Amino acid sequence: MTRSANLGFPRIGLHRELKKALEAFWKGESGAAALHATAAQLRARHWGLQHEAGIEVIPSNDFSLYDHVLDTAVLVGAIPPRFATIADADTRYFAMARGTDAAPAMEMTKWFDTNYHFIVPELYRDQRFALDASKPLDQFREAKALGIKTRPVILGPVTFLSLAKAKDGGFDPLDRLEPLLPVYEALLAQLAAEGADWVQVDEPALVLDLSDRQKAAFETAYARLGKAGPKILLTTYFGDLRDNTELAANLPVAGLHIDLVRAPGQLDGVLETLPADRTLSIGVVDGRNIWRTDLDAAFALVSKAWDHVGPDRLEVAPSCSLLHSPVDLEAETALDAELKSWLAFARQKLEEVSALTLAQKRGRGAAKATFEASAVAVAAHRASPRIHKPALKARAAEAIPLERASPFAVRRDRQKARFDLPAYPTTTIGSFPQTGEVRQARAAFKKGQLDQAGYDSFLEQETERAVRIQEALGLDVLVHGEFERNDMVEYFGEQLDGFAFTKNGWVQSYGSRCVKPPLIYGDVSRPAPMTVRWSAFAASLTDRHMKGMLTGPVTILQWSFVRVDQPRSETCRQIGLAIRDEVLDLEKAGIGIIQIDEPALREGLPLRRADWNAYLRWAVDCFRLSASGVADDTQIHTHMCYAEFNDIMPAIAEMDADVISIETSRSDMELLEAFGTFNYPNDIGPGVWDIHAPRVPGREDMEALLRKAARAIPPDQLWVNPDCGLKTRAWPEVKASLKNLVAAAKALRNRAATV
Ligand code: GLN
Ligand code: ZN
């Protein structure tokens with residue numbers, strides 16, 4: 001019979017219980033036993049919840065204390081040598097994730113195109129593997145003891161190796177497939193011996209552009225693992241199999257899962273290609289977003305698949321693990337009923353999966369109420385005047401020039417005349433330390449213990465203090481410090497129309513860190529200026545130049561749950577127009593330098609190269625839309641905090657910001673070669689202080705970095721600034737570091753003057 005299945009459940013807990021338990025453990029406030037007890041309670045609760053929602057195939061080993069890729073490294077014994085001597089398993093695990101005084105943490109990076117970060121496995125030249133199957137086995141038994149027979153989830157060997165990094169260079173992690181496979185074979189055999197009939201093996205790499213080596217690795221791996229014992233559900237998600245359809249469908253395993261939310265079009269190709277004895281799992285409920293499923297549309301896909309594969313070989317599932325969605329909509333007591341009726345979190349998504357399965361097995365009548373509620377909500381959503389604002393749609397359809405009035409060369413002269421900045425001008429990225437007092441004042445204000453006037457005067461004091469410190473340090477372009485902001489997206493979302501916020505809509509970002517992304521549910525507009533008050537106040541305190549500080553449209557989009565009833569590009573354009581209004585209001589208020597941050601521009605890149613250009617086209621255009629309305633002598637800055645620019649350089653140049661500040665210090669200025677070779681036309685501020693490390697950089701260090709930069713970039717294009725905002729740092733190190741930074745810039749100016 002057709003079965004309802006889940007691929008993974010959020011680990012963190014409705015009230016972020018795991019976060020709290022982890023942090024208490026790390027601080028030494030509680031012991032390992034308490035941490036493991038909380039983890040076991042969460043697993044038990046989540047298994048029960050999935051069972052109650054009517055899910056027949058429930059996963060185990062989807063739980064993790066930190067990250068499932070790190071778990072996989074431990075599982076296969078890929079422990080980096082610097083941690084190998086730590087005997088206690090928990091201590092070692094968290095040391096790998098978070099580092100110790102003696103051993104830096106393993107690297108972390110984004111999981112495909114999500115905002116979840118995984119720990120990058122490290123492989124060494126003489127890498128050996130050894131199975132430690134305790135976690136998947138224990139968790140399988142734990143569920144069994146509760147009366148729930150689960151399908152264990154493991155990360156497949158080819159994706160694991162594709163995500164890994166060769167640490168001592170000179171080899172491809174895929175070279176290590178042969179020694180890794182016996183470990184996987186042994187694991188599968190042990191799971192089978194324990195009673196697991198099926199194992200979910202995640203291979204999301206199958207939706208990427210694959211090299212011939214990777215394709216061959218899939219064939220080698222599954223020729224062996226397919227025979228290792230339990231039936232394998234090869235699980236793909238986040239995109240379309242496309243040119244990998246033949247490969248994925250024909251691997252000798254028992255079943256295949258495909259993501260029909262991201263890529264509904266792949267169903268036909270898969271149905272044609274998949275051998276007749278395979279199980280097909282179709283992901284028809286969105287695991288990545290929070291909107292209620294249109295059950296009629298999803299049911300059409302279920303029926304089509306059912307017609308092809310028949311009743312015994314079909315599974316209905318979410319598109320991917322529900323790791324990326326919040327836990328339970330029921331906990332949202334503050335959202336209005338209408339908005340709530342448009343949403344589904346993990347628990348509600350599983351109810352949708354069950355309803356679809358039931359309808360396929362016993363006819364639509366069996367899930368009548370759920371289908372009707374979905375149809376009502378979907379129709380109301382389509383027509384709601386809260387969502388669709390004709391005037392905003394009309395405005396977004398207007399042709400607005402994306403180009404600045406004059407080319408950069410002309411603007412540069414006008415800006416030079418207006419601002420009269422020295423060579424190697426110094427600035428910062430925007431935020432100054434969010435101290436305990438700042439956070440306490442905000443919390444008190446939110447709780448009503450501090451009134452608006454009291455909060456404002458507190459923020460004024462903090463802002464003034466930051467301005468005086470910057471003046472004393474001798475910085476050239478000042479910032480107000482962003483003390484009024486809790487988060488660079490939330491601050492804007494709260495002031496824009498078309499956005500909503502949840503109380504418990506937490507999603508794991510990494511380890512114990514969670515984010516609560518805003519919901520963009522309707523057409524976006526800006527009812528009133530958002531930042532002018534604070535920028536104008538700060539500017540009024542000083543004769544120096546004050547930089548206005550905004551978050552760009554692509555970043556606001558990327559870090560939110562975005563509506564799916566129109567293309568992302570259209571939503572982004574509406575945000576771009578709102579930011580454009582803000583830019584023009586800042587300009588009117590006399591703010592001549594305005595920074596529009598786009599740290600998320602690169603992470604929005606589609607998984608497949610063939611899709612990059614279309615994305616970059618609209619993303620860059622939305623940025624330009626927000627920036628292009630200003631006069632030539634208004635200086636637009638942008639900021640991006642990452643170092644991989646090589647492959648998107650033309651798009652960065654097309655953004656045409658007058659100044660871009662970027663992260664470089666960690667890569668020792670290497671990326672500047674890309675800017676140099678490309679002849680990047682506008683000004684660049686390569687970060688000379690790695691603000692992620694709690695270390696005060698010396699003047700000489702920064703001078704050396706700048707000299708290195710000046711070899712790749714003409715010195716008259718260079719700015720001097722840190723890598724990123726300073727909100728996570730403390731004042732003493734900020735002052736000491738910026739003092740050295742200003743001294744480094746001055747030293748370079750003097751040298752230039754004497755030669
Ligand atoms: N202006 C922001 C800040 O300084 C930029 C943060 C970011 O790049 N992520 O905090
Ligand atoms: Zn940054």
Side-chain angles (χ1 to χ4, degrees), residues 8-27 29-30 34-35 38-39 41-43 45-46 49 62-71 93-94 97-98 105 108-119 286-290 318 320-335 343-349 434 439 442-443 446 485-494 499-520 551 555-562 599-600 603 692 727-728:
F9 197 82
R11 307 147 182 166
I12 206 80
L14 179 58
H15 299 293
R16 290 180 294 159
E17 292 88 337
L18 181 59
K19 172 194 178 68
K20 289 165 198 163
L22 283 168
E23 287 170 3
F25 175 71
W26 293 335
K27 279 192 212 138
E29 293 166 5
S30 66
L35 173 63
T38 302
Q41 275 162 20
L42 285 169
R43 289 191 293 267
R45 193 205 291 165
H46 296 160
L49 212 141
D62 54 333
F63 183 85
S64 174
L65 285 175
Y66 201 97
D67 163 47
H68 57 274
V69 185
L70 177 61
D71 293 348
Y93 179 79
F94 292 123
R98 309 174 70 232
M108 188 169 73
T109 195
K110 290 204 177 229
W111 174 244
F112 295 80
D113 60 355
T114 72
N115 277 333
Y116 175 85
H117 301 68
F118 70 93
I119 300 288
D286 195 346
R288 295 277 301 269
N289 214 330
I290 40 72
C320 59
S321 164
L322 298 177
L323 175 63
H324 312 288
S325 73
V327 176
D328 190 355
L329 183 63
E330 282 311 305
E332 295 305 321
T333 46
L335 285 179
L343 306 176
F345 293 178
R347 197 175 145 198
Q348 291 70 35
K349 287 171 190 296
Q434 289 263 332
R439 273 178 277 132
R442 184 177 307 126
K446 286 210 164 148
R485 302 183 191 177
N486 42 351
D487 173 273
M488 66 186 291
V489 170
E490 190 167 294
Y491 183 75
F492 290 90
E494 279 174 343
F499 283 69
F501 292 84
T502 64
K503 280 220 144 44
N504 287 292
W506 296 103
V507 178
Q508 191 175 16
S509 169
Y510 65 89
S512 66
R513 286 281 197 114
C514 300
V515 293
K516 197 152 62 63
L519 277 50
I520 308 181
T551 303
T555 298
I556 293 180
L557 185 87
Q558 195 61 30
W559 291 347
S560 300
F561 284 123
V562 182
E603 71 187 49
H692 306 90
K727 69 175 174 204
T728 57

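From a predicted model like this one, the values you see are computed outputs, not experimental measurements.
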Check: [X] side chain, [Y] main-chain N or O, donor-acceptor pair, under 3.5 Å:
X: Thr114; Y: Lys110; result: no
X: Tyr66; Y: Ile119; result: no
X: Glu332; Y: Leu329; result: no
X: Arg11; Y: Leu323; result: no
X: Lys20; Y: His15; result: yes

Does Arg45 CZ have over 12 foreign heavy atoms under 6.0 Å away? yes
For Lys503, I'd like to know if atom NZ has over 12 heavy atoms of other residues, nucleotides or ligands within 6.0 Å. no
Using a 4.5 Å cut-off on heavy atoms from C-beta on, say whether the side chain of [Y] contacts that of [X].
X: Lys19; Y: Trp506; answer: no
X: Val507; Y: Asn115; answer: no
X: Ser64; Y: Leu70; answer: no
X: Trp559; Y: Val515; answer: no
X: Lys446; Y: Asn486; answer: yes

If the threshold is 4.0 Å, N to carboxylate O, is there a salt bridge linking Glu330 and Arg347? no
Mutual orientation of the aromatic rings belonging to Tyr510 and His117 [parallel < 30°, tilted 30-60°, perpendicular > 60°]: perpendicular
Could you check, using the six-membered ring where one of them is a Trp, whether Tyr116 and His68 have ring centers closer than 6.0 angstrom? yes
Among all residues two or more places apart in sequence or in another chain, which pass the side chain to side chain donor-acceptor pair (under 3.5 Å) test with Asp62? none
Holding to side chain to side chain donor-acceptor pair (under 3.5 Å), I want the full list of residues that pass it with Lys727, two or more places apart in sequence or in another chain. none
